[in-house]
Engineer: 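Take this structure, written in structure tokens, and hold onto it; I'll ask about it next.
Throughout, numbering of the chain's residues begins at 1 and tracks the sequence. Atoms considered below: every heavy atom in the structure, side chains included; atoms not considered: hydrogens, waters and symmetry mates.
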Amino acid sequence: MSIDKNIDILVELSQLYGSDPEYVLAGGGNTSWKDQYTLYVKASGFSLAEVTADSFVKMDREALSIILGKIYPESSAQRESAVLVDMMTARKPGEEQKRPSVEALLHDIIPFALVVHTHPALVNGITCSVDGEKAIREIFGDDVIWIPSINPGYILSIAVKNAIDEHKTKQGKKAAIIFLQNHGVFVGADNADDIKKLYGEIVSKIDAKIKRKPDFSDEKREMPSCEIAKAIAEFDNSVKTVAFMTSREISAFTKDRSSFASVSSAFTPDHIVYAGSDPLFTNAQNAEGILKDLNEHKKKTGRSPKIIVVQGVGVFSAAVTEKAAKLALDLFKDSVKVAVYTESFGEPLFMADDKIDFINNWEVEQYRSSVSTK
């Protein structure tokens, strides 16, 4: 089969999963196809739902393999900066205007031609729960790989490579499914039909274990002009848009601080990138009280919140653009979904503080946010 035909298949798969919010939100997820010499991986900032053949970066696989064998600084900031330079160098001639996905190394490591990485809330109901690994083993046995929580980038790539090698040695076959704690799932295959089959099995097997599903049938959204919205916009000069959302399901998690605890932090890197790592919960009902709580929140976290939950009212998002404000609500809603699904697997498990700090300060994620929320 020709390269062009394989890229057409990759585009079709990318749009299939990228256009389904049950699998991918905002600029999340990534896909790839590779032959012996070249990795074609989605460029950072492109939406999977809207990719074309030009949305993929051609990477030199030999250059990528050299990255895996190099010794980098122990400092995470210095290490990731150096890796980024080498990743950019691994682009093939003519690809200089595209920035490869931060997970390009992972795509190169996974021993299948096609790789589709998504962040389904249903899957993250397990990967973001305290009994996640136990549940994965009970459902899928030893046919899959489980990667404990780890910072994305180079360190994650090394961990996955080691896990793939170990799995091949122990099981005598390649693992087609890799679950990442507090992140999502990678699925690999050599043809599109097998990718679809594997994702179908993942969803059906997990779905069979779910005790309760979230219900957003009464969801309401608007671009509000109320006193609370005006106070949120007034607090931060960079905020140009405030959006609002409510529903019975969301209200159940925001009725008091105890209920809010299950969605009070970040489950995955995408939640941090688009909705922030520290949503504000306030019981203030007027502008003065809202501004007071916003000030206290910023002093505590060093950041203005992207999500403001007002007890008994609903969820507000604050952003520079209307698109960014709506995406923040989408990701908070996703957090609610994940929290509901975790009820079937123990209880919620947020990212650790050091992992959250890494994402908040990682240039790669800042870039992804800036290009995908314009």
Side-chain angles (χ1 to χ4, degrees), residues 22-25 28-29 106 117-152 155-156 159-160 162-164 166-167 170-171 175-187 198-216 249-250 252-254 257-272 275 277-279 331-359:
E22 294 302 318
Y23 287 90
V24 171
L25 291 171
L106 268 176
H117 169 47
T118 64
H119 311 139
L122 184 69
V123 169
N124 282 333
I126 292 186
T127 71
C128 302
S129 68
V130 294
D131 293 333
E133 183 175 9
K134 177 184 176 183
I136 288 295
R137 292 299 171 210
E138 290 176 350
I139 296 171
F140 298 96
D142 294 325
D143 291 334
V144 304
I145 289 174
W146 170 270
I147 302 294
S149 183
I150 189 170
N151 286 336
I155 295 298
L156 174 58
V160 171
N162 291 339
I164 287 174
E166 182 180 356
H167 185 276
K170 289 184 176 180
Q171 304 301 324
I177 301 172
I178 303 172
F179 291 100
L180 280 68
Q181 185 176 24
N182 289 111
H183 193 136
V185 61
F186 279 83
V187 173
L198 288 167
Y199 262 113
E201 291 175 354
I202 290 169
V203 170
S204 63
K205 287 181 178 181
I206 295 177
D207 188 70
K209 300 294 183 179
I210 297 297
K211 299 174 182 176
R212 183 174 85 85
K213 296 183 179 181
D215 178 8
F216 296 97
E249 191 72 70
I250 290 171
F253 283 88
T254 58
R257 292 189 185 277
S258 176
S259 302
F260 177 68
S262 294
V263 290
S264 61
S265 188
F267 283 117
T268 73
D270 268 9
H271 292 117
I272 297 174
S277 58
D278 27 52
L331 269 295
F332 183 78
K333 177 181 175 181
D334 190 69
S335 288
V336 172
K337 286 184 179 182
V338 172
V340 171
Y341 291 133
T342 64
E343 295 171 3
S344 301
F345 308 105
E347 59 185 54
L349 178 68
F350 296 124
M351 294 173 65
D353 289 344
D354 64 314
K355 306 296 189 297
I356 290 175
D357 288 342
F358 177 84
I359 298 297

Engineer: What residues form a side chain to side chain donor-acceptor pair (under 3.5 Å) with D278, not counting sequence neighbours?
Structural biologist: R303

Engineer: Once salt bridge (charged side-chain N to carboxylate O under 4.0 Å, His left out) is applied, what residue pairs with a partner in residues 335-346 remain, sequence neighbours excluded?
Structural biologist: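 Qualifying pairs: E22-K337, R212-E343.
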
Engineer: Between atom OG1 of T268 and atom CG of L331, what is the distance when rounded to the nearest 0.5 Å?
Structural biologist: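 Going from OG1 on T268 over to CG on L331, the span is 7.0 Å.
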
Engineer: Quick check: closest heavy atoms across G132 and W146, and the distance to 0.1 Å?
Structural biologist: C-CH2, 3.7 Å

Engineer: Determine yes or no for a side-chain-to-main-chain donor-acceptor pair under 3.5 angstrom, with N182 supplying the side chain and F267 the backbone.
Structural biologist: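 Yes, N182 side chain to F267 backbone: donor-acceptor pair under 3.5 Å.
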
Engineer: Hey, what's the ring geometry for H183 with H117, parallel, tilted or perpendicular (30° and 60° as the breaks)?
Structural biologist: tilted

Engineer: Please report, to 0.1 Å, the donor-acceptor pairs under 3.5 Å made by any side chain of residues 346-359, with sequence neighbours excluded.
Structural biologist:
none

Engineer: Who pairs with K213 by side chain to side chain donor-acceptor pair (under 3.5 Å), at least two apart in sequence or on another chain?
Structural biologist: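 K213: side chain to side chain donor-acceptor pair (under 3.5 Å) contacts with D207.
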
Engineer: If you round to the nearest 0.5 Å, how far is CZ of F140 from CD1 of I145?
Structural biologist: 13.5 Å

Engineer: Roughly how far, to the nearest 0.5 Å, is CZ of F345 from CD1 of I139?
Structural biologist: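 Rounded to the nearest 0.5 Å, the CD1-CZ separation comes out at 5.0 Å.
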
Engineer: Going by heavy atoms in the side chains, are I210 and Y341 under 4.5 Å from each other?
Structural biologist: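 The answer is yes; the side chains approach within 4.5 Å.
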
Engineer: Do you know which two heavy atoms are closest between S264 and P279, and how far apart they sit?
Structural biologist: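 For S264 and P279, the tightest heavy-atom pair comes out as O-CD, 3.5 Å.
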
Engineer: When you compare the side chain of H167 with that of I164, does any pair of heavy atoms fall below 4.5 Å?
Structural biologist: no

Engineer: Going from CD1 on I147 to CG on L106, what distance comes out if it is rounded to the nearest 0.5 angstrom?
Structural biologist: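 It comes to 8.5 Å.
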
Engineer: Not counting sequence neighbours, which residues clear salt bridge (charged side-chain N to carboxylate O under 4.0 Å, His left out) with K211? List them please.
Structural biologist: none

Engineer: Could you pull out the closest heavy-atom pair between L122 and V203, with the gap in Å?
Structural biologist: CD2-O, 3.7 Å

Engineer: Answer yes or no: is there a donor N or O on one side and an acceptor on the other, between the side chain of E249 and the main chain of F216, under 3.5 Å?
Structural biologist: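 No: the side chain of E249 does not pair with the backbone of F216.
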
Engineer: Is a donor on one side and an acceptor on the other found under 3.5 Å between the side chain of Q181 and the backbone of S149?
Structural biologist: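 It does hold such a pair.
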
Engineer: Measuring from atom CD1 of I126 to atom CD1 of I136, what distance do you get when rounded to the nearest 0.5 angstrom?
Structural biologist: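 Going from the CD1 atom of I126 to the CD1 atom of I136 covers 4.0 Å.
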
Engineer: Side chains of D215 and V340: closer than 4.5 Å at any heavy-atom pair?
Structural biologist: no

Engineer: Is the distance between the ring centroids of H119 and H271 less than 6.0 Å?
Structural biologist: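 No: the rings miss the under 6.0 Å criterion.
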
Engineer: Could you grab the distance from atom OG of S335 to atom CG of D270, nearest 0.5 Å is fine?
Structural biologist: 10.5 Å

Engineer: Check each of V123, I177, T118 against Y199 using the side chain to side chain contact (heavy atoms under 4.5 Å, CB included) test, and report the only one that passes.
Structural biologist: T118

Engineer: Can you see which heavy atom on A159 is nearest to which on I150, and at what distance?
Structural biologist: CB-CD1, 3.9 Å

Engineer: If you take all heavy atoms of I272 and A266, which pair is closest and at what distance?
Structural biologist: CG1-CB, 3.4 Å

Engineer: Over all heavy atoms of both residues, which pair between A339 and V263 is shortest? Give the atoms and the distance, please.
Structural biologist: CB-CG1, 3.9 Å

Engineer: Could you list all the side-chain hydrogen bond (donor to acceptor under 3.5 Å, both in side chains) pairs where at least one residue sits in residues 128-143, not counting sequence neighbours?
Structural biologist: D143-K173

